[in-house]
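Here the structure is laid out as C-alpha cells; the discussion comes afterwards.
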Amino acid sequence: MEDMMKQMVKGVKSKYSFEETIKKMKEKVEGLGWKVIGEYDFKDKLGIGFAVLEVCNKDFAAKAVGKPENRWISAMMPCRFSVIEMPDGIYVFGMNMGGLFSQMVSGELGELLKEVAKIDEEIMSAVL
C-alpha cells in the first residue's frame, strides 16, 4: 500500500528557502494562467515550515466537472501542493496525476488529468 501511495504523490527538493519556494511557485502558477485560490501556513501551529497552496484553472475545472459522470473528481479539486521543511531542506509534494492515478481514469477525464499532470510538473519545476 505504501508503494502505491508513493506512486500517487510526487515530491521534489527545492533549492530555495521555505518563503522563496512559496514565492517561486506562486509566480509560476500565475505565469501559466492558473490562480492560487488558497494558501495555508501552518508554521506557527506546527513549529516547522509547512504550507499548502491550492491552485486552479477555471477552464480545466469546468472541463473536469462538466459531465455529471465525472463529478466525483471534484473531491480531488483544487490541485494542492504542500511545501514542507524536512531535516535536509525544503520539499514540495503534490498528487502525481500523470502516474498511477491517471492510469486508473479513462476517456476524456483521463486525458485531462494527463494535461493537469504536465502543468503540475511545470509548477514544481519552478523550485528546481
Side-chain angles (χ1 to χ4, degrees):
M1 180 67 156
E2 189 174 317
D3 288 338
M4 187 181 296
M5 290 303 294
K6 287 181 180 177
Q7 291 178 43
M8 295 184 79
V9 175
K10 182 176 179 143
V12 297
K13 185 176 181 181
S14 175
K15 65 181 180 180
Y16 301 104
S17 69
F18 179 77
E19 291 81 9
E20 190 70 14
T21 295
I22 293 170
K23 179 182 174 195
K24 293 284 187 187
M25 289 186 66
K26 288 165 70 173
E27 289 171 354
K28 186 64 152 182
V29 165
E30 292 177 14
L32 292 169
W34 285 54
K35 302 274 184 214
V36 175
I37 60 170
E39 182 176 350
Y40 309 94
D41 189 343
F42 299 100
K43 193 171 189 174
D44 290 339
K45 293 180 180 181
L46 300 177
I48 60 168
F50 174 42
V52 175
L53 296 177
E54 295 178 327
V55 306
C56 194
N57 175 287
K58 67 179 182 175
D59 296 330
F60 277 86
K63 286 179 190 176
V65 297
K67 293 183 177 179
E69 63 269 22
N70 293 337
R71 291 189 178 151
W72 61 269
I73 197 70
S74 64
M76 306 291 293
M77 297 167 66
C79 295
R80 289 177 189 85
F81 296 94
S82 64
V83 178
I84 192 159
E85 184 177 29
M86 302 286 272
D88 65 335
I90 305 301
Y91 284 80
V92 175
F93 293 99
M95 292 297 293
N96 184 6
M97 291 295 183
L100 187 61
F101 189 71
S102 70
Q103 294 172 21
M104 297 186 305
V105 180
S106 61
E108 288 178 54
L109 186 57
E111 292 303 313
L112 182 65
L113 292 178
K114 289 176 186 173
E115 289 181 50
V116 170
K118 291 176 187 174
I119 298 293
D120 286 355
E121 286 186 31
E122 282 192 58
I123 293 169
M124 292 175 83
S125 76
V127 301
L128 298 178

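Within the 4.5 Å cutoff, the side chain of F18 has heavy atoms near those of the V83 side chain. In this structure, C79 and W34 have side chains that are in contact, with non-hydrogen atoms separated by less than 4.5 Å. In this structure, V105 and W72 have side chains that are in contact, with non-hydrogen atoms separated by less than 4.5 Å. You'll find the side chain of K15 stays beyond 4.5 Å of the side chain of K24, heavy atoms only. Side-chain atoms of L113 and I73, non-hydrogen and from C-beta on, do get closer than 4.5 Å to each other. V55 places none of its side-chain heavy atoms less than 4.5 Å from the side chain of M25. Contact annotation: the side chain of S125 approaches that of K28 to within less than 4.5 Å [non-hydrogen atoms, C-beta and beyond].
I37 and Y40 are members of different hydrophobic clusters when ILVMFWY side chains are connected at heavy-atom separations under 4.5 Å.
Side-chain N or O atoms of K63 include none that pairs as donor or acceptor with a backbone N or O of E108 at under 3.5 Å. The main-chain N or O of E54 is never found under 3.5 Å from a side-chain atom of R80 such that the two would form a donor-acceptor pair.
Considering CE of M77 and CZ of R71, their distance stands at 11.0 Å, rounded to 0.5 Å. Note that the OG atom of S82 and the CE atom of M95 stand 11.5 Å from one another [nearest 0.5 Å]. To the nearest 0.5 Å, the span separating CG on N96 from CE on M8 amounts to 8.5 Å. In this structure, NZ in K13 is found 11.0 Å from OG1 in T21, a value given to the nearest 0.5 Å. Atom-to-atom distance recorded for I123:CD1 and E30:CD is 11.0 Å, nearest 0.5 angstrom.
Note on ring orientation: taking the six-membered ring where Trp is involved, the planes of F42 and F50 are parallel (angle under 30°, cut-offs 30° and 60°).
Residue E39 comes nearest to I22 through the heavy atom pair OE2-CG2, 3.7 Å, listed as atom of the first residue, atom of the second, then distance.
The pair K114-E111 meets the salt-bridge criterion, since a charged nitrogen lies less than 4.0 angstrom from a carboxylate oxygen.
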Please test F60 against L112 for side-chain contact (heavy atoms from CB on, under 4.5 Å), starting from the C-alpha separation and ending with a verdict. CA-CA 8 Å; F60 277 86; L112 182 65; 3.3 Å; yes
Assess the residue pair D120 and K10 against the criterion (side-chain contact (heavy atoms from CB on, under 4.5 Å)); give the C-alpha distance rounded to whole Å, side-chain angles, the decisive distance to 0.1 Å, and a yes or no. CA-CA 10 Å; D120 286 355; K10 182 176 179 143; over 6 Å; no
